Amino acid sequence: MYIYSVLRELQLDRVYSLEEYIALELAEPNQKYEFIKGHIYTRSGGSIHHGIIISNTSFLIKEQLKQKKKDCTTLGSDVKLAIKENHTYLYPDITVICGPIEIDKNVKEAISNPGLIIEVLSKSTQDYDQSRKFRLYRSIPSITEYVMIDPYQVAVESFYQKGGGDWYIQTYESLEEELSLQSLDISIKLQEIYQKVLA
């Protein structure tokens with residue numbers, strides 16, 4: 001996730017319509033905005049560590065899926081996610097969809113059926129990603145796994161469903177461990193996730 005201006009809205013106390021949000025993004029194609037229940041937030045560039053972690057993790061997932069010949073698509077932070085139940089549009093760092101991709105009815109460039117979402121934390125948004133954003137993601141019917149990666153220390157949290165609506169958590173704090181992605185039935189080494197980031 002790019003550094004997310006959680007407290008900086010375009011206009012304080014202003015609720016925007018979805019049509020206004022769409023028009024804003026069309027008018028400023030070089031700037032991305034996220035839309036949460038009528039409020040619009042800007043995004044700015046992330047740190048070098050942040051970018052490397054995203055690149056490493058996305059590559060590792062793609063390679064594992066290719067080896068297992070799984071019909072899954074790995075998408076980056078340029079792809080918008082629609083959360084219809086909450087009238088929200090976000091840009092996750094990494095999204096994986098297995099099977100056909102479903103497009104949102106209101107915003108043609110937004111997908112709506114992720115199975116796995118991965119966010120790389122930033123210092124300014126860590127609390128937000130761990131609380132409110134996770135609640136938003138949990139409301140998506142198709143999602144079964146949410147992973148948060150800290151780019152400044154070896155710390156990964158994976159939340160996943162085994163069925164029945166209950167969520168389970170697995171934490172990783174050593175480069176010797178492997179992150180088990182339950183929703184994809186693959187594992188990737190933390191040492192490779194943090195390659196060129198941590199000495």
Side-chain angles (χ1 to χ4, degrees), residues 1-46 50 54 58 72-149 157-161 163-169 183:
M1 184 204 67
Y2 286 88
I3 295 176
Y4 189 93
S5 303
V6 177
L7 301 178
R8 184 163 58 99
E9 297 181 24
L10 298 181
Q11 281 189 28
L12 294 176
D13 301 323
R14 164 78 190 278
V15 176
Y16 293 83
S17 68
L18 178 58
E19 290 73 22
E20 287 177 306
Y21 167 64
I22 294 171
L24 177 63
E25 285 221 317
L26 289 174
E28 299 185 32
N30 295 324
Q31 173 65 57
K32 287 185 171 54
Y33 297 92
E34 297 190 315
F35 183 77
I36 303 177
K37 299 180 180 180
H39 297 282
I40 298 175
Y41 304 88
T42 60
R43 298 191 321 157
S44 58
H50 186 272
I54 293 173
S58 182
C72 301
T73 304
T74 304
L75 303 169
S77 58
D78 287 336
V79 178
K80 192 182 314 183
L81 167 66
I83 306 178
K84 294 178 286 188
E85 292 76 7
N86 284 283
H87 307 291
T88 293
Y89 292 85
L90 302 173
Y91 289 91
D93 286 329
I94 300 172
T95 304
V96 181
I97 300 173
C98 293
I101 297 174
E102 295 180 7
I103 306 299
D104 181 59
K105 293 180 180 179
N106 297 314
V107 180
K108 293 182 180 179
E109 294 301 319
I111 59 96
S112 61
N113 63 322
L116 164 67
I117 291 175
I118 298 176
E119 293 282 13
V120 179
L121 304 177
S122 68
K123 293 178 180 178
S124 63
T125 66
Q126 182 170 339
D127 292 341
Y128 180 77
D129 289 334
Q130 292 173 328
S131 57
R132 185 182 178 193
K133 204 165 195 179
F134 183 32
R135 289 197 298 272
L136 289 170
Y137 288 151
R138 287 204 309 266
S139 70
I140 304 171
S142 61
I143 194 169
T144 58
E145 191 163 17
Y146 176 50
V147 176
M148 292 181 290
I149 303 174
E157 290 184 325
S158 172
F159 297 85
Y160 57 92
Q161 283 186 309
D166 293 327
W167 285 83
Y168 300 83
I169 182 173
S183 59

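Here the structure is a predicted model, which means the values were calculated and not measured.
No side-chain heavy atom of Tyr33 sits less than 4.5 Å from a side-chain heavy atom of Tyr16. In this structure the side chain of Val15 reaches within 4.5 angstrom of the side chain of His39, judged on heavy atoms. Counting only heavy atoms from C-beta outward, the side chains of Lys133 and Met148 never approach each other to under 4.5 Å. Proximity of Arg138 to Ile143: side-chain heavy atoms (C-beta onward) are nowhere separated by under 4.5 Å. Contact check for Gln31 versus Thr42: side-chain heavy atoms found under the 4.5 Å cut-off.
Remark: Ser112 OG to Lys84 NZ distance equals 4.5 Å, nearest 0.5 Å. A distance of 4.5 Å separates CG of Leu90 from CD1 of Ile83, quoted to the nearest 0.5 Å. If you take CG on Leu136 and CG on Leu81, they are separated by 9.5 Å, rounding to the nearest 0.5 Å.
Contact detail for Trp167 and Tyr146: the closest heavy-atom pair is CZ3-N, 4.2 Å. Shortest non-hydrogen contact noted between Ser158 and Val147 is OG-CG2, 3.9 Å. Looking at every heavy atom in both residues, Thr88 comes nearest to Ile36 through OG1-CA, 3.7 Å.
Around the CD atom of Glu109, the shell of radius 6.0 Å holds no more than 12 heavy atoms that belong to other residues, nucleotides or ligands. Shown here is Lys32, whose NZ atom has more than 12 heavy atoms of other residues, nucleotides or ligands within 6.0 Å.
Classified by interplanar angle (parallel below 30°, tilted 30° to 60°, perpendicular above 60°), the ring pair Phe35/Tyr21 is parallel.
Take Tyr137 and apply the side chain to side chain donor-acceptor pair (under 3.5 Å) test, not counting sequence neighbours, and it matches Glu119. Taking Thr144 as the reference, Gln161, Ser183 meet the side-chain contact (heavy atoms from CB on, under 4.5 Å) condition, with sequence neighbours excluded.
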Do any side-chain atoms of residues 94-105 form donor-acceptor pairs under 3.5 angstrom with protein atoms, and if so which ones, sequence neighbours left out?
unit_1 : atom_1 : unit_2 : atom_2 : d
Asp104 : OD2    : Tyr89  : OH     : 2.7
Asp104 : OD2    : Asn106 : N      : 3.1
Asp104 : OD2    : Val107 : N      : 2.8

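Remark: the backbone N or O of Val120 is paired with a side-chain donor or acceptor of His50 at under 3.5 angstrom. Using a distance-only test at 3.5 Å, with no hydrogens or angles considered, a donor-acceptor pair links the side chain of Glu34 to the main chain of Tyr91.
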